[in-house]
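Letters A, B, ... mirror the listed sequences (proteins, then strands); counts begin at 1.
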Amino acid sequence: MKHLVLAAGLLGATAAYAETPELIVYTYDSFVSDWGPGPAVEKAFEATCSCDLKLVGAGDGAALLARVKLEGARSDADVVLGLDTNLTAAAKATGLFAEHSISADYALPFEWEDTTFAPYDWGYFAFVHNADATAPKSFTELAESDLKIVIQDPRSSTPGLGLLMWVKAAYGDKAPEVWEGLADNVLTVTKGWSEAYGLFLEGEADMVLSYTTSPAYHLIAEDDASKAAAVFDEGHYMQVEVAGKLAASDQPELADQFLAFMVSDAFQSIIPTTNWMYPAVTPTAGLPQGFETLVAPEKSLLLGAEEAAALRDAALEEWLTALSR
Amino acid sequence: MADRAQPLRSRWGLGVATLVATFILGALAAVILRAEVGRGLGVADWAAIRFTIWQAVLSAVASVTLAVPVARALARRRFRGRRLLIALMGAPFILPVIVAILGILAVFGRSGWLSDLLGVFGLGPLQIYGLHGVVLAHVFFNLPLATRLILQGWQEIPAERFRLAAQLNAGPLAMWRLLEAPMLRQVVPGALAVVFAICLSSFAVALTLGGGPRATTIELAIYQAFRFDFDLGRAAMLSGVQLLLTGAAALVALRVASGEGFGAGLDRPVRRWDGEGRWARGLDAIYLSGAAQFLVLPLSAIVIAGLPGLLSMGASVWMAAATSALIAGLSTLVLLLIALPMAIAVALGRGAVVEVAGLLGLAVSPLVIGTGLFILIYPVADPFALALPVTALVNALMALPFALRILIPRVREILARYGRLSLSLDMRGGAFLRRVLLPRLRPQLGFAAGLAAALSMGDLGVIALFADSETATLPLQVYRLMGAYRMEAASGGALLLLCLSMGAFYICDRGGRRHAET
């Protein structure tokens, strides 16, 4: 309804000035929930911006991108927060996003070079298991064991796609063989992360694809040390979550201000215990207590955005072939 | 049958049916028009189509086959808790899929109750993942619905018929042949078609319990086409395939389900003289307790898991619950306004077209309808502002096929019984509606309203595309809680959802049955 707003503004410029500007940020569902980062982020940003921050939940990362594509250049959104590097190439290709000028002292295991999207948190994909069970040390060990795992469908979820990229990044052309070995360990495949994690907690499977930071939730919020993440020798694929501003935003300055706020201490210190990921910039107070117990992979894997996008279809095909038998 | 010889006209119904069809097909067309040239259907899509049909056929046959003896037992037994059992049957159908799956797994899963029990006897855990798991879950979802649809059929046989048959000394076999089998021939195809159509659009169940990519359904292919490839053309094409399949099922069902009614009765309580034998009692008891356990055990698992979370949920969950209740109320109202005229039109003989229009809500993927509506609404209004009405409307359309299946046989019967009498008294239109049709249709209206309210309460589909953070529905909130690792609060939310849906269903259904024999 931007044209209406514009018309109203022209008719009564004084009224429009008096109104607090509104910044609309599209994000994923769990971000805006009461227990996600949303409420705290909103409060902290509104304290500095004299604006109204509106966080809109729109499914998961992939759904976010579909939503923005659906709305096109007329989207009400000013910022999209919650894509990951496996999606940024497709997002950039839409031409809907503008460059940013944010720089920060990122705590990422690699140099951040993307000038369209800025990272706000990251984590390692990992298989989470019950701490009292012995976990495999690699995909090959997992394939040889009779452990049962629950994974997510790469066609409907971002962690599922992340696992595909993990195997691809670690094994390249040998990925199909790895998947063939893993096929009999895959108990089932779910639509999204929630279903998979639920099955694991119900005791259906020995391990679930999640993050190395998942045990931190149980430890810190529930005082429960019974969950652990398995460290794999191949290294761990990373999920880097990013935000970008839309080129057609009617609040470009405010959007820039939000992105700058996003990598500031106020925002970053909210992330670890609400989104349960590593903050992109380590807060001055450090990571919350409990994070030091998390396993740290020796090797981090990440395919470049372009590379990930180029590999996706082939990797999906390999995955489908191996698991359809 | 010409309209002239009837106390009601089919105009309204035809009009409403046209509106419904225009609305849904318009949404589909909007998606197609917005689409760029896509990839077309690939090998994987065809595999998905084959799997979808196969599992839907198996699920429909299994659900309906099991529902017949259960409905028969319910029709001829009166016992304490019968109403409660019938009300409970509304529950599985409207739970968020993930919640229902977790409930089923708590009973049938690898570390579920049954596996534990088997372990005592030294037997290995149950293996639920695979086609049989999908069918099991679909039976859990649809057995109750099929039972209720078939039970309606039993209740439409006038009590006088059974009395007459008993006076003529007809044994159970003869009663079966003369009364029950012909009734089933009319009711079963419809029930099969409805369950088949529901299972066609199954997605999360098939994926989760199917065990992996083998269990890909059309709906997942649509989801992928939309979410990951943003290939609207392919999404629309797949939705078209789904539409054709459902339409074909509906037409087959309509063709098979013809036949005469049972004539008029005086609405006396049904008494079954053939069900008095020890064998009959024993069998009925087995069917009823089997069905009750099959439904109640997973539901109890949800209750047990949810109780500790009820207190830790926070205000947003209660807000979401209020939103859901509001949508459910609106949606039920809309449904009744659409379904009644359409049911009348079908009963007046304008069957096929209207009924197919009614089935469209089930046939077109909610994701595609939602997307289409979004495309249509976006240029002219703010989708967020319309989130509630749109969700209510779409939910009503989703419930429409069920409502029609529930209402049509009864309306047809009332018209056949009282039509001529009313005409001779010159009672038409509004007067006929108020004095004859509505009072007699009340139980069916109540059931349809209950189903609509409950379905709408549990629906996750369309709201996701329209909702902003303030207007979450309860199912959406449950998913958000899970996404934030709050499994306990999520279980609490799921239990609340179960109670609300059951409550809505019970109130509507009970309201319809007050002073009526069940």
Fill in: Donor + acceptor pair across side chains of Tyr129(B), Glu204(A) (<3.5 Å)
yes
Item to complete: With a 4.5 angstrom heavy-atom cut-off, could you sort out which part of Leu161(A) is near chain B: side chain, backbone, both or neither?
Response: side chain
Item to complete: Would you kindly say whether Arg486(B) and Ser33(A) are connected by a side-chain donor-acceptor distance under 3.5 Å?
Response: no
Item to complete: Please name the residue in the list Tyr197(A), Phe200(A), Tyr211(A) that meets the ring-ring contact (aromatic ring centres under 6.0 Å, His included) test with Tyr485(B).
Response: Tyr197(A)
For residues 487-494 of chain B, tabulate all N or O donor-acceptor pairs below 3.5 Å that involve a side-chain atom, not counting sequence neighbours.
unit_1	atom_1	unit_2	atom_2	d
Ser491(B)	OG	Met487(B)	O	2.8

Worksheet item: Below 4.5 Å, heavy atoms only, C-beta onward: do Thr188(A) and Leu209(B) meet side chain to side chain?
Response: no
Worksheet item: Is there a side-chain contact between Glu195(A) and Ile101(B) (heavy atoms, below 4.5 Å)?
Response: no
Fill in: Leu481(B) and Asp34(A): CA distance, side-chain angles, deciding distance, side-chain contact (heavy atoms from CB on, under 4.5 Å) verdict
CA-CA 8 Å; Leu481(B) 283 168; Asp34(A) 269 11; over 6 Å; no
Fill in: Options Pro213(B), Ser115(B), Gly483(B), ranked by heavy-atom pairs under 4.5 Å with chain A, top entry
Pro213(B)
Item to complete: For chain B, find which of Val189(A), Leu87(A), Val186(A), Leu199(A) contributes the most heavy-atom pairs closer than 4.5 angstrom.
Response: Val189(A)
Worksheet entry | Residue Phe31(A) versus chain B: region with a heavy atom under 4.5 Å | neither
Fill in: Region of Ser210(A) that comes under 4.5 Å of a non-hydrogen atom in chain B
side chain
Discussion item. If you define the side chain from C-beta out and look only at heavy atoms, does anything of Arg110(B) sit under 4.5 Å from Asp206(A)?
Written reply: yes
